[in-house]
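Labels below follow one simple rule: chain letters A, B, ... track the order of the sequence lines, proteins then strands, and each chain is numbered from 1.
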2 protein chains.
Amino acid sequence: MIDTKQRILDTAERLIADRGYAATSLRHIIGEAGVNLAAVHYHFGSKEDLLDELILQKATGVNTERLALLDRFEAEAGGGPVPVEKVMSAFFEPMIEVGSRNPQFVRLMGRMYAEGLLAAVVAKHFQPTLARFLDVLRRSLPHLPDAELSSRAQFMIGAMSHAVCGQRPFSQLIGEPQPADFRCTMRRLMVFLSGGLKAPATPEVHQ
Amino acid sequence: MIDTKQRILDTAERLIADRGYAATSLRHIIGEAGVNLAAVHYHFGSKEDLLDELILQKATGVNTERLALLDRFEAEAGGGPVPVEKVMSAFFEPMIEVGSRNPQFVRLMGRMYAEGLLAAVVAKHFQPTLARFLDVLRRSLPHLPDAELSSRAQFMIGAMSHAVCGQRPFSQLIGEPQPADFRCTMRRLMVFLSGGLKAPATPEVHQ
DNA sequence: GTCTATACTGAGATAGAC
DNA sequence: GTCTATCTCAGTATAGAC
């Protein structure tokens, strides 16, 4: 065998992107990859760790690009706040770029979100990136209390997760005329999130 | 046994709200409920159908209340467009009300979203409600093309899903000082979504 | 119509031989 | 590094008692 580990990774990526994580059994993966079941546990430890390595390989490049763009926009702002639209751009454009070149990446990410695998596997790969973006956003939106900014970051992540998700459960319900392409959806998302982030702070109510 | 079916439902609700759907085995449920394994399949057919009935019981009341509120706001508008904030209010206030009285309902819904069980089980219970809200929103936001409104509805659902999710994977990453209470989070969500929905239409780019 | 006992299939994980 | 054999536990299906 040339490279058992990489063959497992490649096959897993394809099958999980197509069918989802839960629906893709290790026995299915090893069958198509032509390797032994125990080899998966030898190289990765568990099915979840296999997914973890897959995400790591795919997400690292995007996050590096995001941080580089954010650095550039911050330098351009010369110490002042970075406009919200620029922050959104730094976050989403690298994703659009990769997604347009490699649709499988988008489908895989969508699967992760759709199956709720963020908490255990995905979150840690995005932690440093998100923390950095939050720091920049805090200065772009000085009218927002910290707690409200945190909430809005959650909303942002949720909207993105759902938008990236390939199999959108409400698509036909909402009457989407045709499956909009990824780039178009992401641009709409950036506009939507910019509008939401710039909304006035929620008034405190005591009732 | 007094009522086997309801005991199964009650125990399942509690366990799934606490541990999640995938992590709650039927054998765990029947152990705590004191019933036989096959009784579950007799009454519900499958584990997924059990979940389906659970969601149905919980969601019907909320959706009825939502539609009633929307009807009232539409009547108040007297044929004109209903303000976006009113539409958000009709959608979220019934949820806030139920969630404040019965926190377990919120945790269960959060689990559904977190585990990506919308597509198969949850979506159909919300379909008529969502379609109705979309129709009203379309007239509240006449500057938006239909395709863009559909996208924004997706973003809205995604943001809500993630916000309702009890175990928020990015909470500590983002540095949320303390677990904000449900009512407060939902009010922030309404403000955020109103801002996003009212954003200008995304300019068409051809590149 | 309700429920019990039991068996079946497929999943992920593991120990140990080579 | 790799593979065979096996373990445990999951959801499911069925036969039959009451």
B:Phe44 atom CZ is separated from D:dG11 atom P, nearest whole Å, by 15 Å
Do the side chains of A:Leu50 and A:Leu54 get nearer than 4.5 Å, heavy atoms only? no
Please check the phosphate of C:dC3 (OP1 and OP2 only) for any side-chain N or O of B:His43 closer than 4.0 Å. yes
Side-chain donor/acceptor of B:Glu53 to backbone N/O of B:Phe44, under 3.5 Å: no
Any side-chain N or O of B:Ser46 below 4.0 angstrom from OP1/OP2 of D:dG11? no
Under a 4.0 Å threshold between the charged nitrogen and the carboxylate oxygen, would B:Glu93 count as salt-bridged to B:Arg187? yes
Roughly, in whole Å, what's the span from CD1 in B:Ile30 to P in C:dT4? 9 Å
In whole Å, I'd like the distance from the CG atom of B:Leu37 to the P atom of C:dC3. 14 Å
Using OP1 and OP2 only, check whether a side-chain N or O of B:Tyr42 sits under 4.0 Å from C:dT2. yes
May I have the distance from B:Lys47 (atom NZ) to D:dA13 (atom C1'), rounded to whole angstrom? 17 Å
Nearest whole angstrom, please: distance from the C1' of C:dA11 to the CD1 of A:Ile29. 12 Å
Roughly how many Å is it from CZ in B:Arg7 to C1' in C:dC3, rounded to a whole number? 12 Å
Between the side chains of B:Asp135 and B:Arg132, is the shortest nitrogen-to-carboxylate-oxygen separation below 4.0 Å, so that they form an ion pair? no
Distance test, side-chain N/O of A:His41 to OP1/OP2 of C:dT14, below 4.0 Å: no
Sugar-phosphate, base or nothing in reach of B:Ala38, heavy atoms under 4.0 Å: base
Verify, without hydrogens or angle tests, whether B:Lys58 (side chain) and B:Met109 (backbone) share a donor-acceptor contact under 3.5 angstrom. no
From the set D:dT12, D:dT4, C:dT4, return the single nucleotide nearest to any side-chain atom of A:Asn36. D:dT4
Rounded to whole angstroms, how far apart are NZ on A:Lys5 and C1' on D:dT2? 15 Å
Salt-bridge test for A:Asp10 and A:Arg7: reply yes if a basic N is under 4.0 Å from a carboxylate O, no otherwise. no
Where along residues 13-28 of chain A does a heavy atom come under 4.0 Å from DNA chain D, residue by residue in number order? none
Indicate whether any N or O donor in one side chain lies under 3.5 Å from an N or O acceptor in the other, for B:Arg188 and A:Thr202. no
